[in-house]
Protein chains: 2
Amino acid sequence: MPPRTALKRQVNRLPPERRISDIMAAAKEVFVEKGYNDALITDIALRAGVVEGSIYRFFANKRELLVKVVEHWFEEMLRDDAEQFAAVRGSWNQIRFIIYTHLTSIHRDPALSRLMFQEIRPAPDYRGSHLFELNRAYTNRLVDVVKAGIASGELRPETSPSLVRDLVFGCIEHRTWAFLRGEGDFDPAEMADAITNLVHHGLALGGEPASPMESVVARLETATARLEAAAGIAPEKPSPRRS
Amino acid sequence: MPPRTALKRQVNRLPPERRISDIMAAAKEVFVEKGYNDALITDIALRAGVVEGSIYRFFANKRELLVKVVEHWFEEMLRDDAEQFAAVRGSWNQIRFIIYTHLTSIHRDPALSRLMFQEIRPAPDYRGSHLFELNRAYTNRLVDVVKAGIASGELRPETSPSLVRDLVFGCIEHRTWAFLRGEGDFDPAEMADAITNLVHHGLALGGEPASPMESVVARLETATARLEAAAGIAPEKPSPRRS
DNA sequence: CGATAGTGATGAATGGTATTTATTAGCGCT
DNA sequence: AGCGCTAATAAATACCATTCATCACTATCG
């Protein structure tokens, strides 16, 4: 006869929401510390006070767990930013704000940012995922700002808003890779100013060649071309211009 | 007595260089087809006409094999580009050339580009690796162009060359991620023009001299924008221009 | 109040894959 | 002809994600 008390296995029964949030909290810890590949389900289970098999009751697999963890972080971040953003006026300030808050997020949560860039975004099913939608909403704020800036005459009418989006977010990512690998540090405010200014003015000196009238006329032409197009009049054949 | 001929194991002896290049060729194929994680050593060995264990005679592990494969590709690419680049004159053209050739590489070898971006660059030992040095040489051409442009008075003196580097390469990467995931296509020449122009001029209108006409035109543009808005027309697709 | 169905939780398999190791085969050298 | 050196092999090992058969708690019903 087996010694009952010694064999009896311990079971800790909890409401599902609690279990799920425990597991997600543990998973976040481990993913942040070890990265996706080196994170062990065993380790996550241990820290969540649960056995490996239990994790699979709530999450289909390791990757789904990762996605849920990053989603949770991203949603929280979006909520925090959104209200502050609403108060900022002027296209330079708005662009600067978006860049600054993004840099701040990377600076605060480098490991989670990395997971987003390295593990989530390259996945073939990324487009179509919830995180894709969240990220889209996040970056579209910049697209909207650029569109508004063009409409109000603050920004060059011929700029592509989506290209500006890629320019800004791409630049931020590229410039923070060293930090994300754990090399050195950066100052979000300082970097935000530098990027905003560069994007705003570009590289070219002074800009307008020969006559200052040149660009002024070109802009008028652009404006009238839009009106023509809008009115359905001879839309094509905009006069080519030299910058 | 065992049937000698049946038991005798086949051994195919070859000079090491040949074996190494066979293995690397097979590895390149498999990594390109499957990505790093889903590439199997077994599969690579099979295609190289070799048994798994043999791979470990020449490469310490799977990751080193990956690094060697990507290094080989990158070195070849650098050689091809370098001579052409030497012939290009003028900062706009040089910047455009660098952007164009980089886009072309991504367009030609999306899978290898992905491996570089996703697997190699984020690794903690990337800085200090040979690929880091290669990539540094590659991107520094742009830094040098910007420095030269500043020295010659073509570009704004206060721009940070390294920031321009991050702006350009970051933008390219961000804009090509969808393509790298296998979604759609892009035209390197067209994209190169768009990026080069945007980087050159930035977003801001005219800027510098604040001619008296400036504010007048801005007001006219605002007026037309209002007209457009009133007419319920989306001002997408403004007149395309080339500089 | 006691039996029992339903379900959360368990821990021991299973399966796949990188890496190691012990053994064998071919080649050059004397 | 034998001997040693190294390429090459095939089997063994180790590590993990994932699955599965079983158990234990709780609430419901007779």
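Within every chain, numbering begins at 1; the chains are lettered A, B, ... in the order of the sequence lines, protein sequences first and strands thereafter.
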Please list residues of residues 32-53 of chain B whose heavy atoms come under 4.0 Å from any atom in DNA chain D, ordered by number; otherwise none.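 Heavy-atom contacts with DNA chain D come from B:Val50, B:Val51, B:Gly53.
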Expressed as a whole number of angstroms, how long is the span from B:Glu17:CD to D:dA7:P?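 Between P of D:dA7 and CD of B:Glu17: 11 Å.
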Between A:Glu133 and A:Arg127, is the salt bridge (Lys or Arg N to Asp or Glu O under 4.0 Å) condition met? List the steps. CA-CA 8 Å; A:Glu133 289 307 328; A:Arg127 179 175 286 251; over 6 Å; no
Which part of the nucleic acid, if any, lies within contact of A:Arg57, taking any heavy atom under 4.0 Å across all strands shown: a base, the sugar-phosphate backbone alone, or nothing?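 Base: the residue A:Arg57, judged by heavy atoms under 4.0 Å, touches a nucleobase.
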Could you tell me if B:Arg114 sits above the aromatic ring of B:Phe117, with its cationic atom closer than 6.0 Å to the ring centre and no more than 45 degrees from the axis?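 Judged by the rule, B:Arg114 and B:Phe117 form no cation-pi pair.
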Cut-off 3.5 Å, side chains only: do B:Asp81 and B:His102 have a donor facing an acceptor?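 Short answer, no.
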Cut-off 3.5 Å, side chains only: do A:Asp187 and A:His107 have a donor facing an acceptor?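 A:His107 and A:Asp187 do not have a side-chain donor-acceptor pair below 3.5 Å.
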Go through the steps to decide whether A:Ser129 and A:Val67 satisfy the test side-chain contact (heavy atoms from CB on, under 4.5 Å), and finish with yes or no. CA-CA 9 Å; A:Ser129 73; A:Val67 169; over 6 Å; no
Among [options], which is the nearest nucleotide to the side chain of [X]?
X       : options                : result
A:Asn61 : D:dA8, D:dT18, D:dC25  : D:dT18
B:Leu14 : C:dA9, D:dA8, D:dA17   : D:dA8
B:Tyr56 : C:dT19, C:dT10, D:dT26 : C:dT19

So if I take the C1' atoms of five pairs at each end of the helix from C:dC1-D:dG30 to C:dT30-D:dA1 and get each local axis, what angle do the two axes make, rounded to 10 degrees?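 Nearest ten degrees gives 30° for this helix.
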Could you pull out the closest heavy-atom pair between B:Ser160 and A:Arg175, with the gap in Å?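 Distance-wise, the nearest heavy atoms are OG-NH2, 4.5 Å.
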May I ask you to decide whether A:Arg79 forms a salt bridge with A:Glu75, counting only side-chain N to carboxylate O separations under 4.0 Å?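 No salt bridge links A:Arg79 with A:Glu75.
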